[in-house]
Amino acid sequence: MIPDGIDPQRIPTHIACVMDGNGRWAQRRGLPRTEGHAAGEAALFDAVEGALELGVSWLTAWAFSTENWRRPRDEVRFLMGFNESLLVRRRDELHERNVRVRFIGRRDWRVPRRVLRRMDETVELTQHNTGMTLTMAFNYGGRAELVDAIKKMVAAGVPPEKITERRVRDFLYAPDMPDPDLVVRTSGEYRISNFMLWELAYSELVFTDVLWPDFRREHLFDAVREYQRRERRFGGVTAVQGTGAETGTG
Ligand code: IPE
Ligand code: IPE
Ligand code: MG
């Protein structure tokens, strides 16, 4: 059942969530910041359920940025262990829900090997699932992604005259992933913070004051309602609905 006020014909193909506000959620309760991260798990899995209800094909969740290494060591250590244990605890459930799990981000920099192992196991377990793709952006930064893409492109010997927008996309972390139609950022911060700089070119941005641990599928539905009130033009003059519109010249 699609929730009231949502047009089933115009469900975004790809929704990306910037899961922000965990620390403040905890601080407001007099708890350590890490308790906020722990409480964010319920929010993520309710958002997954909501996305499945809507029939969203791609859901992306940003769990750790390339800049988050600047945080206190204990918090970073907690986040690594927490994300690792979350995969172990939740992957069977995701598999049962026919969710394909993937990761974007810098693999070969700082991420502990045992975390990488859990990520690989989860990807392998769920790789043939067809319900929805849940992409976890982990050790992810938009500039890092572009630097990594340029490195790969140079290493592959792509000559300058062959560089097009499509070719650049081929070297991103997930070339087959459609650009996000809708990005939801929680916690009242109005910025991108180095998220998907290439892919967000024409995404609709929805900001909410809700702190991530309080986020539930109803908030996701509200964001989709807001999205459906927007008119996407992609630089043209007539409204274009839907997704995957290639931009520019490439
Ligand atoms: C988002 O919550 C989670 C991560 C960045 C890992 P924060 O930890 O950024 O929470 P605030 O923004 O400090 O409240
Ligand atoms: C963005 O949130 C990263 C994630 C949600 C994982 P931050 O809390 O790190 O962003 P800033 O520092 O407020 O810009
Ligand atoms: Mg934050």
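Remember, it's 1-based here, ligands and their atoms both numbered in the order they're listed. In this chain, numbering begins with 1 at the start of the sequence shown.
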Report the distance from atom CH2 of Trp212 to atom CG of Leu44, rounding to the nearest 0.5 Å.
-> 6.0 Å
Sub-3.5 Å N/O-N/O distance, Ser187 and ligand 1 = no
Joint hydrophobic cluster, Val88 plus Leu86, side-chain heavy atoms closer than 4.5 Å = no
Considering only heavy atoms, does Phe64 approach ligand 2 within less than 4.0 Å through its side chain, its backbone, both, or neither?
-> backbone
Go through ligand 2 atom by atom and flag the ones less than 4.0 Å from a non-hydrogen atom of Arg191.
-> 11 (P), 13 (O), 14 (O)
How far is atom 6 (C) of ligand 1 from its nearest protein heavy atom, and which residue and atom name does that atom have?
-> Ala63 O, 3.4 Å
So, Glu67 and Arg143, do they make that salt bridge, N to O below 4.0 Å?
-> no
Closest non-hydrogen contact found for Arg102 with Val123 is CA-CG2, 4.1 Å
Selection from Asn22, Thr34, Val76 by shortest heavy-atom distance to atom 3 (C) of ligand 1 | Asn22
Heavy atom of the protein closest to atom 10 (O) of ligand 2 (residue, atom name, distance) = Arg185 NH2, 3.3 Å
Salt bridge (Lys or Arg N to Asp or Glu O under 4.0 Å) filter on Arg70, not counting sequence neighbours, yields none
The Mg ion (ligand 3) to Asp20: nearest N/O/S atom name | OD1
Aromatic ring proximity, centroids under 6.0 angstrom, Phe138 and Trp62 = no
Who's closest to atom 7 (P) of ligand 1 heavy-atom-wise, of Asp20, Val18, Thr186, Asn83?
-> Asp20
Under a heavy-atom criterion of less than 4.0 Å, does Ser65 contact ligand 1?
-> no
Closest to atom 1 (C) of ligand 2 among protein heavy atoms sits Trp62 CZ3, 3.6 Å
Shortest heavy-atom approach to atom 9 (O) of ligand 1 - which of Arg33, Arg24, Glu189, Arg71 | Arg71
Are Trp58 and Met132 close enough that some pair of their side-chain heavy atoms sits under 4.5 Å apart?
-> no
Proximity of Asn68 to ligand 1 by residue part, where a heavy atom lies under 4.0 Å | side chain
Work out which heavy atom in Glu189 is nearest to a heavy atom in Arg185; give both atom names and the distance.
-> O-CD, 3.4 Å
State whether Lys152 and Asp170 are salt-bridged, where the test is any N-O pair (Lys NZ or Arg NE/NH1/NH2 against Asp/Glu carboxylate O) under 4.0 Å.
-> no
Which of the atoms of ligand 1 are close to Met19, meaning less than 4.0 Å from one of its heavy atoms?
-> 1 (C), 2 (O), 3 (C)
Hey, is atom 12 (O) of ligand 2 touched by any protein heavy atom at less than 4.0 Å?
-> no
Gly21 near ligand 1, heavy-atom distance under 4.0 Å?
-> yes
Side-chain contact, heavy-atom cut-off 4.5 Å: Tyr140 with Met196?
-> yes
Sub-4.0 Å heavy-atom approach of His37 to ligand 1 | yes
Looking only at distances, please establish whether an N/O atom of ligand 1 is found under 3.5 Å from an N/O atom of Leu79.
-> no
Note the single closest protein heavy atom to atom 14 (O) of ligand 2, along with its residue, its atom name and the distance in Å.
-> Ser193 OG, 2.6 Å
Just wondering, do His14 and Ser57 contact through their side chains at under 4.5 Å, heavy atoms?
-> no
